[in-house]
Amino acid sequence: MNFLKMYRTYRLMMRAQWLDRLKIQEIQERKLRHVIRHAYKNVPFYKRLFDDAGISPADINTLDDLEKIPVTTKSILQEYGPEFLINRTMVPTKLKTEHSSGSTGRPFTVFFHSDYVYVRNALFLRGLRAAGYSIGRKLLLVTDSDNASKHWLRWRYASIQDPPELLLEQVNRYRPDFLYGCTTSLRQLAEYMRSTNLLGFQPEKIITTAEMIDAPTRRFLEGTFKAEIYDFYGLTEMGLVGWECHEHNGYHLAEDTTIIEYLPIENGDGVSKIVMTNLELMSMPFIRFDTGDIGIPGKRESCPCGRGFSMLERVEGRRLDCIQLKDGRRVSPYKLTCQLEKLQGIARYQVIQEDYGTFTVKVETGKRRVTVRDDEIHKVMHSVLGNEIKVVVQKAVNIEPTSGGKFRVIKSQVQEA
Ligand SMILES: [Zn+2]
């Protein structure tokens, strides 16, 4: 690790977030031209993509030109081997790799060159800083990667595979100022603490990541840890793209390293596809990459903190989790979760769309005395999705967690046409 390089990258980024719109756009367009030229020259996939679309790098100069480039999805990239996707001036065995979870269940590996690793670290650090972190504070990260503890930084790692009792032990032993981890792991930890009445050390701030956090989970974590929650929105292909500042007004977007576009979804009801271009990753470029996430852009200049980066109001989940109805309507998962969360007596729930017209609602009641009534759930489901659907309610004390550590509130088994 070259500390000077790391520090320079970090300092540039810390400054960039306060720049004005014009300056940010200038940076984006300069970096865009650079990444396009390199991708065309050195990455066979993009050479072919551009040639087939009848465009050349010279055609792409401004953000408005982006729409000339076809959008790429993960499943398209998965059809090509690394030899088509990796910059051929680089040696694949010298690159760092990270695996990205594929919605199709097929593995997908992303290759990072060493300079990009600095960018990635700096992105993460910038997000932490917005949550009040400073170097020297104690941080415990609950992640799925096997990172060596950075003792000099006072960073320790725990695994999302660790059961809650072991996590609690680690929190109490290390007493971190900041606790970072995927939402499901932290939620399970909090549930364990509540159910056993075991007290945990209270960190100053909790940073959640890896899944969209709903309002009840946020309140539950806040209440259990007595700590402020900051949510991070990151992707293997882009690094930390969105993070909250102390205003909690949505997510500030890393526009100095990423271009974020919102593309309309047919019958999408105000929700858009989130498409991104990575402006720094030269070893394996992602240009107009459909993230598979859907969301709502934030309003311009909506955050009083003064950061110049535009905002993402929220991520509503993965497009694959959208509920597609027989009449062609697509309902964002958020619509349903908002309504269900208003009901009393639900500890946790999961909605599974079995086919176009059949839904199973699994409800975890926990050990509460008040339990939601089936007809209340039926009523909500019908009000959001119409009266033609069939609803089955299943109640259990616990909903089994899905493999991989991520919990999906809405799961649609209906394949997208
Ligand atoms: Zn802000």
Side-chain angles (χ1 to χ4, degrees), residues 13 16-21 24-25 27-28 31-32 63 66 71 74 100 119-120 122-124 126-131 180 182-183 207-215 217-218 228-265 268-280 286-322 330 332-335 337-338 409-410:
M13 275 193 194
Q17 61 185 329
W18 307 102
L19 295 173
D20 59 47
R21 293 302 314 161
I24 291 166
Q25 188 175 334
I27 293 174
Q28 288 187 311
K31 289 185 177 181
L32 176 67
L63 298 184
L66 264 175
V71 171
K74 192 183 278 182
S100 155
V119 171
R120 223 173 150 75
L123 278 171
F124 187 63
R126 180 168 65 186
L128 286 178
R129 287 285 288 156
Y180 166 94
C182 90
T183 310
I207 298 152
T208 54
T209 188
E211 332 161 25
M212 56 172 188
I213 185 165
D214 48 68
T217 301
R218 194 184 271 262
E228 194 177 353
I229 311 290
Y230 285 79
D231 193 41
F232 275 10
Y233 172 46
L235 296 163
T236 311
E237 295 83 2
M238 304 288 153
L240 181 60
V241 182
W243 70 95
E244 290 182 78
C245 70
H246 62 275
E247 301 280 350
H248 302 288
N249 256 332
Y251 303 83
H252 284 284
L253 293 167
E255 291 185 295
D256 52 342
T257 62
T258 329
I259 295 172
I260 294 97
E261 294 175 83
Y262 302 94
L263 301 189
I265 304 176
D269 211 6
V271 178
S272 313
K273 284 188 209 184
I274 304 177
V275 170
M276 297 187 195
T277 298
N278 190 324
L279 297 171
E280 297 281 349
F286 287 94
I287 297 165
R288 296 203 94 202
F289 175 69
D290 182 345
T291 60
D293 290 334
I294 52 168
I296 294 185
K299 287 153 207 85
R300 254 199 202 297
E301 281 126 34
S302 54
C303 195
C305 74
R307 284 179 175 81
F309 290 162
S310 54
M311 316 271 303
L312 168 70
E313 191 172 308
R314 62 171 179 266
V315 181
E316 298 213 342
R318 298 192 55 80
R319 191 167 64 254
L320 285 174
D321 297 332
C322 262
R330 247 175 240 256
S332 149
Y334 189 75
K335 281 249 159 75
T337 54
C338 265
V409 180
I410 311 272

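- Taking every heavy atom of both residues into account, Asp256 and Ala16 meet most closely at OD2-CB, 3.5 Å.
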(request) Take Leu63 and Gln25 through the test side-chain contact (heavy atoms from CB on, under 4.5 Å) and record every step on the way to the result. (result) CA-CA 8 Å; Leu63 298 184; Gln25 188 175 334; 3.7 Å; yes
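- Separation of atoms OG1 (Thr258) and CG (Leu279) is listed at 6.5 Å; rounding is to 0.5 Å.
- Every residue meeting the side-chain contact (heavy atoms from CB on, under 4.5 Å) condition with Ile27, not counting sequence neighbours, appears here in chain and number order: Leu19, Arg30, Lys31.
- Checking side-chain atoms of Glu261 against main-chain N and O of Met276 turns up no donor-acceptor pair under 3.5 Å.
- Across Arg126 and Ala254, no two heavy atoms sit closer than the pair NH2-CB, 3.4 Å.
- Under the 3.5 Å distance criterion, the side-chain polar atoms of Arg314 are left unmatched by any main-chain donor or acceptor of Gly295.
- Salt bridge Glu280/Arg120: absent, no basic N to carboxylate O contact under 4.0 Å.
- Classified by interplanar angle (parallel below 30°, tilted 30° to 60°, perpendicular above 60°), the ring pair Trp243/Phe309 is perpendicular.
- Side chain of Thr183 to backbone of Thr209: a donor-acceptor contact under 3.5 angstrom is found.
- At least one donor-acceptor pair closer than 3.5 Å links the side chain of Glu244 to the backbone N or O of Asp231.
- When all heavy atoms of Leu263 and Val275 are compared, the closest pair comes out as CD1-CG2, 3.7 Å.
- In this structure, Ile274 CD1 and Leu235 CG are separated by 8.5 Å, a value rounded to the nearest 0.5 Å.
- Here the straight-line distance linking atom CZ of Arg307 with atom SG of Cys305 works out to 4.5 Å at 0.5 Å rounding.
- Rounding to the nearest 0.5 Å places CE of Met13 at 13.5 Å from CZ of Phe124.
- Across every non-hydrogen atom of Pro264 and Lys273, the tightest pair is O-CE, 4.4 Å.
- The two atoms that bring Met238 and Val241 nearest to each other are CB-CG2, 3.4 Å, heavy atoms only.
- A centroid separation of 6.0 Å or more is found between the aromatic rings of Tyr230 and Tyr180.
- Put simply, the side chain of His252 reaches to within 4.5 Å of the side chain of Cys303, judged on heavy atoms.
- Checked by atom type, the side-chain pair Glu237/Thr291 shows no donor-acceptor distance below 3.5 Å.
- Looking at heavy atoms from C-beta onward, Leu312 lies in side-chain contact with Tyr233 at the 4.5 angstrom threshold.
- Once rounded to the nearest 0.5 Å, the distance linking NZ of Lys74 with CG of Asp290 reads 10.5 Å.
- The CG atom of Leu66 lies 5.0 Å from the CD1 atom of Ile259; values are rounded to the nearest 0.5 Å.
- The closest donor-acceptor contact from the side chain of Thr277 to the backbone of Arg288 lies under 3.5 Å.
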(message) Using side-chain contact (heavy atoms from CB on, under 4.5 Å), reason through Ile294 and Val315 one step at a time and then give a plain yes or no.
(response) CA-CA 6 Å; Ile294 52 168; Val315 181; over 6 Å; no
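- Under 3.5 Å, the side chains of Glu228 and His248 contain a donor-acceptor pair of N or O atoms.
- Here the closest heavy-atom approach between residue Asn249 and residue Pro304 is recorded as ND2-CD, 3.3 Å.
- In terms of modelled atom types and a separation under 3.5 Å, the side chain of Glu316 and the main chain of Val271 share no donor-acceptor contact.
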(request) Let me see the working for Ile260 and Tyr262 under side-chain contact (heavy atoms from CB on, under 4.5 Å), right down to the final yes or no. (result) CA-CA 7 Å; Ile260 294 97; Tyr262 302 94; 4.0 Å; yes
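- With salt bridges taken as basic N to acidic carboxylate O contacts below 4.0 Å, one links Glu255 and Arg21.
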